[in-house]
Amino acid sequence: QVPLAESGGGLVQAGGSLRLSCAGSERIFSTNNFAWYRRAPGKQRELVAAESGDTLYADSVKGRFTISRDIAKNTVYLQMNSLKPEDTAVYSCNRAARPYYPWGQGTQVTVSS
């Protein structure tokens, strides 16, 4: 059992959109900045978007992805627009900095050509 649960992934065509959700407890979200990470097949996990003093995005997703938070729902979102096949990966949420919470299964995003 892990304290975070990702959802919202799926199969979409290139150019489509998805909104991923990361749900946790009020205590977790009120005390941490959160980030979205992704791991493509055969590759290491990379940072995609992070809450911080200034919101950070990987160069590859700038202008297409947006991280946001719904305080009342204890949820962090990743809005993904103009999806590309190279965005295909398992997406996970966690703290924006170490130490990380235990990693869950994430949610699969597959973008077809």
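Within 6.0 Å of atom CD in Gln105, 12 or fewer heavy atoms from other residues, nucleotides or ligands are found, so the atom counts as exposed in its surroundings. Within 6.0 Å of CD in Glu26 there are 12 or fewer heavy atoms belonging to other residues, nucleotides or ligands.
Placement of Tyr37 and Val109 in two distinct hydrophobic clusters is found when ILVMFWY residues are connected by side-chain heavy-atom separations under 4.5 Å, directly or transitively. The hydrophobic clustering, which links ILVMFWY residues whose side-chain heavy atoms are closer than 4.5 Å, places Leu56 and Tyr77 apart. Under the 4.5 Å side-chain heavy-atom criterion for ILVMFWY residues, no single connected hydrophobic cluster contains both Val90 and Leu83. In the hydrophobic clustering of this structure, Ile67 groups with Ile28; members are Ile, Leu, Val, Met, Phe, Trp, Tyr whose side-chain heavy atoms approach within less than 4.5 Å, directly or through other members.
For the atom pair CE of Met80 and CZ of Arg64, the computed distance is 9.5 Å after rounding to the nearest 0.5 Å. Between Gln108 atom CD and Arg39 atom CZ the span is 10.5 Å, to the nearest 0.5 Å. We find the CH2-CG distance between Trp36 and Asn94 to be 10.5 Å, quoted to the nearest 0.5 Å.
Taking the side chain to side chain contact (heavy atoms under 4.5 Å, CB included) definition, one finds that Arg69 meets it with Phe29, Phe34, Glu51, Ile71, Val76, sequence neighbours left out.
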Using residues 6-20 as the side-chain source, report each donor-acceptor pair under 3.5 Å to any protein atom, sequence neighbours left out, with the distance given to one decimal.
residue	atom	partner	partner atom	Å
Glu6	OE1	Gly106	N	3.4
Glu6	OE2	Cys93	N	2.9
Ser17	OG	Asn81	OD1	2.9

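Of the possible donor and acceptor atoms, one in the side chain of Arg95 sits under 3.5 Å from a partner among the backbone N and O of Pro99.
The nearest pair of heavy atoms linking Ser113 to Pro85 is OG-CG, 3.6 Å. Nearest heavy-atom pair across Thr88 and Val111 is OG1-N, 2.9 Å. The minimum heavy-atom distance between Leu4 and Cys22, with the atom names listed, is CD2-SG, 4.1 Å.
Taking the six-membered ring where tryptophan is involved, the planes of Phe65 and Tyr91 are tilted, since the angle between them lies from 30° to 60°.
Between Asp87 and Lys84 there is no salt bridge, since no side-chain nitrogen of the basic residue lies less than 4.0 Å from a carboxylate oxygen of the acidic one.
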